[in-house]
Amino acid sequence: TLRVLGRPASPPVDDRAFARRLYLDLTGTLPTLDQLTTFLEDDSPEKRRVLIDQLLASDEFVDLWTYRLAKLLRIRATAQDTTGAATFHHWLREQVRQGTPYDQLVRSLISADGDTHRIGPANFYRVVSGARNQAEYVSELLMGARMRCANCHNHPLDRWTQDDYHGLAALFARVEQGRVVRLGNRGAVSHPRTGQPARPRIPGERFVDDVADPRQQLADWITDPENPYFATAITNRLWRFLMGRGLIEPTDDVRPTNPPSHPKLLKLV
């Protein structure tokens with residue numbers, strides 16, 4: 001693109017600007033004068049890599065990226081229950097501190113159950129109420145896809161159908177969303193076209209009838225390395241965190257009719 005426009009590429013950033021940007025991106029703070037001076041006076045060719053590793057291991061990195069992920073997950077206390085949100089937040093902070101891979105973190109969220117005052121990820125099922133709202137929350141968060149339009153009709157600008165929307169909701173229909181989150185024996189959502197209970201479905205893929213816990217099938221599909229939605233969604237959000245704008249905007253509206261500004265770059269990162 002730069003070649004077409006006749007514009008030169010920007011030169012590599014100098015050490016002073018590199019340190020400033022790295023501190024802001026990874027910790028949300030500026031380097032102190034002593035930290036900056038130490039870095040600038042270091043003659044080691046590996047000093048940038050060393051600084052990256054140092055900041056990734058810092059408490060400030062854990063604080064900032066816990067905040068960012070907590071905001072993405074919509075963790076917030078309510079007047080009725082502050083303990084669940086605190087437990088969820090504490091669990092998330094530990095995942096960031098330990099460097100838990102994102103796919104492992106998401107698998108823990110999807111399959112979670114138990115007392116939300118003790119089991120942090122179980123609060124994933126108390127962020128919103130109802131199976132349809134859970135389906136919209138999951139698709140926007142983990143797939144970057146706005147499936148809500150397929151509630152009443154097949155999506156006019158994307159591949160999602162009513163079967164996909166209500167089938168995804170049906171995956172969560174048996175989840176009891178009280179203080180103790182558990183998979184109950186009963187629960188269904190009706191398909192508006194047929195008036196019958198919707199069949200649990202992996203969106204755009206297959207129905208998953210007659211399985212003990214269909215959420216496990218969803219977790220397998222979402223975190224599969226071949227799933228294009230999951231990788232695209234988190235990569236695009238990370239890019240937005242670092243650059244101020246996603247390669248696809250809005251970040252929860254990934255679809256063929258809303259292509260990335262730099263498709264090769266999105267695949268590369």
Side-chain angles (χ1 to χ4, degrees), residues 1-76 85-86 88-106 108-109 120-121 141-142 144 223 225 230-252 254 260-269:
T1 302
L2 291 175
R3 190 179 302 112
V4 172
L5 296 175
R7 303 283 295 180
S10 298
V13 69
D14 63 26
D15 283 343
R16 185 180 299 273
F18 176 84
R20 174 186 172 87
R21 293 178 187 177
L22 192 66
Y23 270 86
L24 286 173
D25 285 341
L26 296 187
T27 71
T29 63
L30 290 170
T32 65
L33 180 58
D34 287 343
Q35 289 170 330
L36 182 60
T37 300
T38 298
F39 178 72
L40 294 177
E41 292 179 350
D42 186 350
D43 294 328
S44 168
E46 296 293 315
K47 69 178 185 179
R48 291 192 178 192
R49 181 187 59 80
V50 170
L51 182 59
I52 291 171
D53 291 341
Q54 175 188 326
L55 294 184
L56 288 175
S58 69
D59 289 338
E60 290 81 4
F61 171 83
V62 176
D63 290 341
L64 175 63
W65 287 86
T66 299
Y67 165 77
R68 284 178 165 169
L69 290 177
K71 189 174 181 180
L72 189 62
L73 288 167
R74 308 181 201 173
I75 299 177
R76 57 183 178 274
F88 197 5
H89 189 276
H90 175 74
W91 173 83
L92 181 62
R93 194 177 197 282
E94 281 302 296
Q95 307 314 299
V96 176
R97 186 184 65 79
Q98 296 171 16
T100 301
Y102 189 63
D103 60 341
Q104 184 178 323
L105 184 149
V106 165
S108 296
L109 292 173
L141 174 68
L142 303 181
T223 59
F230 180 67
T232 296
I234 186 57
T235 298
N236 191 47
R237 285 195 170 98
L238 289 174
W239 188 270
R240 190 175 193 274
F241 285 147
L242 297 175
M243 299 297 178
R245 179 177 176 82
L247 295 168
I248 300 173
E249 285 286 351
T251 54
D252 60 355
V254 177
S261 58
H262 299 74
K264 291 183 180 179
L265 177 60
L266 181 59
K267 289 183 178 180
L268 180 64
V269 297

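- Side-chain contact between Leu26 and Leu64 is absent, with no heavy atoms from C-beta onward closer than 4.5 Å.
- For the pair Ala70 and His89, the tightest heavy-atom approach, listed with the atom from each and the gap, is CB-CD2, 4.0 Å.
- No side-chain N or O of Thr27 forms a donor-acceptor pair with one of Glu60 less than 3.5 Å apart.
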Chi angles and distances behind the salt bridge (charged side-chain N to carboxylate O under 4.0 Å, His left out) call for Arg237, Asp252 = CA-CA 9 Å; Arg237 285 195 170 98; Asp252 60 355; 5.5 Å; no
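- With rounding to the nearest 0.5 Å, the separation of CG in Leu266 from CG in Leu247 is 5.5 Å.
- Val106 has its side chain out of reach of Ile234: every pair of non-hydrogen atoms, C-beta onward, lies at least 4.5 Å apart.
- From Leu51, atom CG reaches atom CZ of Arg49 across 11.0 Å, with rounding to the nearest 0.5 Å.
- Between atom CG of residue Asp103 and atom OG of residue Ser108 there is a gap of 9.5 Å, rounded to the nearest 0.5 Å.
- Residues Tyr67 and Val96 are not in side-chain contact: their nearest non-hydrogen atoms beyond the backbone lie 4.5 Å or more apart.
- Using a distance-only test at 3.5 Å, with no hydrogens or angles considered, no donor-acceptor pair links the side chain of Glu94 to the main chain of Trp91.
- The two residues Gly144 and Ala233 make their nearest non-hydrogen contact at N-CB, 3.7 Å.
- Taking 4.5 Å as the limit, every side-chain heavy atom of Arg20 sits out of range of all side-chain heavy atoms of Leu36.
- Closest of all the heavy-atom pairs between Ala17 and Val13 is CB-CG2, 3.1 Å.
- With values rounded to the nearest 0.5 angstrom, Leu92 atom CG is found 5.0 Å from Ile75 atom CD1.
- In this structure, Asp42 contributes its side chain and Lys47 its backbone to no donor-acceptor pair below 3.5 Å.
- Arg16 places none of its side-chain heavy atoms less than 4.5 Å from the side chain of Phe39.
- Using a 4.5 Å heavy-atom threshold, the side chains of Leu69 and Gln95 count as separate.
- The distance from atom OG1 of Thr251 to atom CH2 of Trp239, rounded to the nearest 0.5 Å, is 15.0 Å.
- When atom types are taken as modelled, the side chain of Gln35 and the backbone of Thr32 share a donor-acceptor pair closer than 3.5 angstrom.
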key: Arg93/Asp63 under side chain to side chain contact (heavy atoms under 4.5 Å, CB included): CA gap, chis, key distance, verdict   = CA-CA 8 Å; Arg93 194 177 197 282; Asp63 290 341; 2.4 Å; yes
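- Between atom OH of residue Tyr23 and atom CZ of residue Phe61 there is a gap of 14.0 Å, rounded to the nearest 0.5 Å.
- Tyr102 has its side chain within reach of Leu142: a pair of non-hydrogen atoms, C-beta onward, lies under 4.5 Å apart.
- Under the 4.5 Å side-chain criterion, counting only non-hydrogen atoms from C-beta, Trp65 is in contact with Leu238.
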